[in-house]
Amino acid sequence: MSTVRIPPVLRQHTNGSTEVDVTGSTVGEILNGLVAEYPDTKDQLFSEGGDLNRFVNVYLNDEDVRVLDGLETAVKDSDTVMILPAMA
């Protein structure tokens with residue numbers, strides 16, 4: 001399982017959890033697993049078309065997934081996925 005770090009703005013949708021363990025082999029699977037467990041996070045993370053919302057940044061072990069393979073970026077059990085809202 002990978003660990004997903006939850007930003008303060010989403011914690012109201014994860015029962016206050018700061019970290020959640022989720023199973024998946026790609027960043028997309030991990031985020032969809034988070035949504036399956038906490039459905040209220042979906043609109044915060046994804047657009048209607050299923051892409052990451054433009055104001056959400058996702059990092060895999062401190063590296064922006066947009067410079068990797070996006071939602072298709074491979075994830076190992078020991079990895080950490082961090083969700084950060086973009087700052088205006």
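The figures here come from the full heavy-atom set of this structure, side chains too, leaving out hydrogens, waters and symmetry mates.
- The two atoms that bring Val20 and Ser17 nearest to each other are CG2-CB, 4.0 Å, heavy atoms only.
- Here the shortest heavy-atom pairing between Val56 and Gln44 reads CG2-O, 3.2 Å.
- In this structure, Leu60 is not a member of the same hydrophobic cluster as Met82, with clusters built from ILVMFWY side-chain heavy atoms closer than 4.5 Å.
- The closest side-chain heavy-atom distance from Val4 to Thr80 is not below 4.5 Å.
- A 4.5 Å side-chain heavy-atom check between Arg11 and Thr14 finds at least one atom pair inside the cut-off.
- For the side chain to side chain contact (heavy atoms under 4.5 Å, CB included) criterion with Val58, the lone passing option out of Leu68, Thr73, Leu52 is Leu52.
- Under the 4.5 Å side-chain heavy-atom criterion for grouping Ile, Leu, Val, Met, Phe, Trp and Tyr, Val9 is connected to Val81 within one hydrophobic cluster.
- Cluster membership check: Met1 does not share its hydrophobic cluster with Leu34, using side-chain heavy-atom separations under 4.5 Å among Ile, Leu, Val, Met, Phe, Trp and Tyr.
- Closest approach of Tyr59 to Asn57, counting heavy atoms only: CE1-CB, 3.7 Å.
- Under the 4.5 Å side-chain criterion, counting only non-hydrogen atoms from C-beta, Val22 is not in contact with Ser2.
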- Given the rule in the side-chain contact (heavy atoms from CB on, under 4.5 Å) test, do Asp51 and Phe46 qualify, once you have shown the distances and angles that lead to the verdict? CA-CA 5 Å; Asp51 297 319; Phe46 294 105; over 6 Å; no
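- Atom NZ of Lys42 sits about 9.5 Å away from atom CD of Glu48, to the nearest 0.5 Å.
- Here the side chains of Leu10 and Tyr38 are not in contact, with every heavy-atom distance at 4.5 Å or above.
- Side-chain contact between Leu71 and Thr26 is absent, with no heavy atoms from C-beta onward closer than 4.5 Å.
- Between Thr18 and Ile6, every side-chain heavy-atom pair lies at or beyond the 4.5 Å cut-off.
- Within the 4.5 Å cutoff, side-chain heavy atoms of Val27 are placed close to those of Leu31.
- Side-chain polar atoms of Asn53 and Ser47 form no donor-acceptor pair below 3.5 angstrom.
- In this structure, Ile83 and Thr41 have side chains that are not in contact, with every pair of non-hydrogen atoms separated by 4.5 Å or more.
- The main-chain N or O of Val75 is never found under 3.5 Å from a side-chain atom of Asp79 such that the two would form a donor-acceptor pair.
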